[in-house]
Amino acid sequence: MSAQAYTIAASYYHWLVAIPLMGSIGSVLKCQQSPKEEKGKWMFRHKSLGLLTGLIVAPRLGYRVMNAASYRNVSHPVGSGPIENAVANVSHIALYAFMTIMPATGIAMGYYGGKGLPFFFTTLPGATVANGDIAKQSFNVHKALGVYGKYLVPLHIGGAVKHSVAGHGIWSRINPFGRPMH
């Protein structure tokens, strides 16, 4: 069993970001496999979920920065070795970068491309004067990071499953339900 659980707020932020992030990845992958006439609806969903992810990840990142000291108190699961711990540290940093940069570049594409930001049942307006250079640079970063970054989520889930099956108490570390608030 792990020595320290994440705070209840950190646990909620984890799941609040995880759901739209996985939905955004899933919808763009579905779009890539869909016939041409269905691609638009899947991209609208992808962009809506990406914007939602960005809206939630911003306070999550702020919480993480403001509470950096308490995160240092959360140890690696019992039974994991130094190489596994190093891989976990690198993958967490990469996952934070992915879930921050992807929504930021997606938002920049829509806003500066002048088309606006799809958000479920509406589209929020974009820049009144489009800036194609920013939109294009954002697209290039978004596309390149998306090619490889989509593997971070399954890697993260795989690590959690591995530790859960091994009885390392992973679920109790991140589960916000059934724990006292502190």
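The basis for the numbers below is simple: all heavy atoms, side chains too, and nothing from hydrogens, waters or symmetry mates.
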If you round to the nearest 0.5 Å, how far is SG of Cys31 from NZ of Lys36? 12.0 Å

Might you work through the side chain to side chain contact (heavy atoms under 4.5 Å, CB included) test for Tyr96 and Arg60, ending with a clear yes or no? CA-CA 10 Å; Tyr96 264 93; Arg60 179 182 181 180; 3.3 Å; yes

If Ile, Leu, Val, Met, Phe, Trp and Tyr residues are connected whenever their side-chain heavy atoms lie under 4.5 Å apart, and connections chain through other members, are Leu49 and Met109 in the same group? no

Shortest non-hydrogen contact from Pro20 to Ile56? CG-CD1, 4.1 Å

Donor on one side chain, acceptor on other, Thr7 and Tyr63, under 3.5 Å: yes

So, the side chain of Lys115 versus the backbone of Gly110: is there a donor-acceptor pair under 3.5 Å, distance only? no

How many angstroms lie between atom CE of Met22 and atom CD1 of Ile25, to the nearest 0.5 angstrom? 8.5 Å

Do Leu55 and Ile107 share a hydrophobic cluster, counting only Ile, Leu, Val, Met, Phe, Trp and Tyr and linking them when any side-chain heavy atoms are less than 4.5 Å apart? yes

ring-ring contact (aromatic ring centres under 6.0 Å, His included) partners of Phe139, counting only residues at least two apart: none

Please tell me whether Val17 and Ile19 are part of a single hydrophobic cluster in this structure, the criterion being side-chain heavy atoms less than 4.5 Å apart. no

Under a single-linkage definition using a 4.5 Å side-chain heavy-atom cutoff for Ile, Leu, Val, Met, Phe, Trp and Tyr, are Leu95 and Met102 assigned to the same hydrophobic cluster? yes

Would you list the atom pairs, donor with acceptor, under 3.5 Å between side chains in residues 119-130 and any protein atom, with sequence neighbours excluded?
none

Got a second to check how far Ser34's OG is from Gln32's CD, nearest 0.5 Å? 9.5 Å

What's the shortest heavy-atom distance between Ala108 and Ser138, and which atoms? CB-OG, 3.2 Å

Atom NZ of Lys39 and atom NZ of Lys30: how far apart are they, to the nearest 0.5 Å? 10.0 Å

Got a second to check how far Arg45's CZ is from Ser24's OG, nearest 0.5 Å? 13.0 Å

Atom pair CG (Asn131) and CD (Gln137), whose distance is rounded to the nearest 0.5 Å: 8.5 Å

For residues 147-157, which side-chain donor-acceptor pairs fall under 3.5 Å, sequence neighbours excluded?
none

List the steps and the verdict of side chain to side chain contact (heavy atoms under 4.5 Å, CB included) for Leu145 and Thr105. CA-CA 10 Å; Leu145 186 55; Thr105 56; over 6 Å; no

Shortest non-hydrogen contact between His46 and Val28, atoms and distance: ND1-CB, 3.4 Å

Do you reckon Val87 sits in the same ILVMFWY cluster as Phe98, going by side-chain contacts under 4.5 Å, direct or chained? no

Do the side chain of Thr53 and the main chain of Leu21 share a donor and acceptor less than 3.5 angstrom apart? yes

